[in-house]
Amino acid sequence: MNHLLVAPVALPLIAGALLLILWRAPLRLQRVLSLLACLGLLGLAVALLHSASHQGIQVYLIGDWPAPYGISLVLDQLAALMLALTALLALFALAYAMTGGDRAGRHFHALFQFQLLGLNAAFLTGDLFNLFVAFEILLIASYGLLLHGGGAERTRAALHYVALNLVGSLLFLIGLGTLYAATGSLNMADLATRIAALPAADATLARVAAMLLLAVFGLKAAVIPLHFWLPGTYAAASAAVAALFAIMTKVGIYAIIRLTTLVYGLGETPMLEWTSPWLLVAGLATIAIGTLGAMASDELRELIAYLVVVSVGTLVAGIALATPAGLSASLYYLLHTTLVTGGLFLLAERIASAREGSTRLSEGKRPPPSHQLGWVFFLGAIAVAGMPPLSGLIGKVLLLMAAHDQSALIPLWTMVLVSSLLLTLTLTRAGILLFWRGPEASPAKPRPLPWLVATGLLGMSPLLVILGGPIVDWTDATAAQTLDARTYVTAVEQSAPLVPRPAGEH
Amino acid sequence: MEALIALCIGLLVGGGVYLLLRSRSFSVVLGLTLLSYATNLLLFASGGLQTNQAPLIHEGGPFADPLPQALVLTAIVIGFAMTAFMLVLALRALNDLGSDRVDARQGGEEQ
């Protein structure tokens, strides 16, 4: 057993607990501790990425209990990819928060670490109930982070966000209960074999559970019609928190991928096939609603939040193609959209401070013309809209190519292309209103660091293009591995405890 | 017994959903509580209902499935924590917004 597997869960847990104890310590110490933990996490994620691509699927049995009974952590390429993405995004978000945002309230760094704990646990866990527990950990940390700094608008957004997520959690539990009643197991690999072998009567019950879980994950991912919570919440959060939240919708996407390809992936018709028409419709409708919402937004951060909705729709549509190429395109797009929308949230706050306060599009001052913010906004805008030469284009082209011989060809191409065009127009309009209209703001005193961090995160987009070849090769391999549920199940089944149990003991 | 449990769960869900859809945050919290009771009951029943059986696996003899009980225990703990958080948040919202309507804007009731 590779003990490195448990480290992405243990490290933020220990760091978060330490930060809780040290909450009276000087902020400088907390920052150093938090940053060290984040850097360590990135190092771990890179090591796991390397080991996942070379050693195949690895299983870690917590407490050395054999798989269907004990809790197992499973590392495959998809999990490693999500871990690395989370660590990278978290490092930027934390660096940005450390330029002043973390001073607004207490416990920011502890909550940040607990958020990472929940995210990492969700990506690594091998059974559905622990996925629920990980969801709860990351959600309760996200409630705290969302409220960080206070303010009436934030409280209102949090009230809606918390109530909705509590209902989501209850539905999750109902789905789990139904699934357990039908199969008698909650380990994902074990479930896959049991569901495939279910008699017809119980199979219906298992399908009901599947749809319940799909609805829950759709809520977390903000798929239409469950997306209404997202724009208000993300627009109300502070910049660093909103940037970190860019990964939260992707947890829902990750769970949808796991549910459709693994848990229900072994029967005669895998779930991905019987749900793909619905997923495609939901994905395309989400793109449409997100695009319309972005066009109607009067506020930059709300606009960016709708861009997150559009990206979720694109990802779901890619998954709905139910082919390795579609999944691979989705994974590349997932990397791109998480980093770029995160960077845009950071940039929005820089724009707000350069305009002396507001990111409303219709009113406010314009930054001094010498300011480079306009160029960075331009970079982010063409990346997120999918214009050449940045990574949005590559992601969308991969997706369009994946659909080229399918029945989904016409609706998918139309929706993605029309949405890209409209988003380009919307972002152009936003840029004009933000940078060219209104009286000139007085030059703010220069604060290079936050602005460097925001640019750095957006700079991941050109990097994704330059490293495009290796990354696409890697996402291709990841997609192939993810769609091959049998290998995953075998790896879990063959994971034996290190210490053999004496005969006669259960 | 199945019918009784099902009836209980159904009543709790009905009441919970009704309260959840009301516009005062206190009712919403109560609705969430009722819903979480219903969910816990359902989770508890998902392993099959047994009377007078210990949730211990032993050789020979019937036993109640221990796993749903472990699950429900975790779910109860998490549910309590979340409900407590929601209550505190509702109080904070009442304080910040001057109203306990769920869609209140700052400045109170009349808006």
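The structure displayed is predicted, hence computed values, not measured ones. Within every chain, numbering begins at 1; the chains are lettered A, B, ... in the order of the sequence lines, protein sequences first and strands thereafter.
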message = At a 4.5 Å cut-off on heavy atoms, which part of A:Tyr69 comes close to chain B: side chain, backbone, both, or neither?
response = neither
key: Contact origin within B:Ile78 toward chain A - heavy atom pairs under 4.5 Å   = side chain
ask   = Given that the side chain runs from C-beta out, which part of B:Ser36 has a heavy atom under 4.5 Å from chain A: side chain, backbone, both or neither?
value = both
note = Residues B:Pro68 and A:Tyr180: closest non-hydrogen pair is CG-CE2, 3.5 Å
query = With a 4.5 angstrom heavy-atom cut-off, which part of A:Ile137 approaches chain B: side chain, backbone, both or neither?
reply = neither
task = Give the member of B:Leu42, B:Leu32, B:Leu71, B:Asp65 that has the highest number of heavy-atom pairs under 4.5 Å with chain A.
result = B:Leu71
task = Could you tell me which of B:Thr83, B:Asn95, B:Thr74, B:Val28 has the largest number of non-hydrogen atom pairs under 4.5 Å with chain A?
result = B:Thr74
key: Greater than 12 external heavy atoms within 6.0 Å of B:Phe26's CZ   = no
Kindly list each side-chain donor-acceptor pair under 3.5 angstrom involving residues 3-22 of chain B, sequence neighbours excluded, with atom names and distances?
{"residue": "B:Tyr18", "atom": "OH", "partner": "B:Arg22", "partner atom": "NH1", "Å": "2.9"}

ask   = With respect to chain B, which residue among A:Leu173, A:Thr178, A:Leu179 yields the maximal number of heavy-atom pairs within a distance under 4.5 Å?
value = A:Leu173
inquiry  = Is B:Leu35 close to chain A through its backbone or its side chain, or both, or neither, when contacts mean heavy atoms under 4.5 Å?
reply    = both
inquiry  = For residues 109-124 of chain A, which residue pairs pass the side-chain hydrogen bond (donor to acceptor under 3.5 Å, both in side chains) check, not counting sequence neighbours?
reply    = A:Ser34-A:His109, A:Ser34-A:Gln113, A:Asp102-A:His109
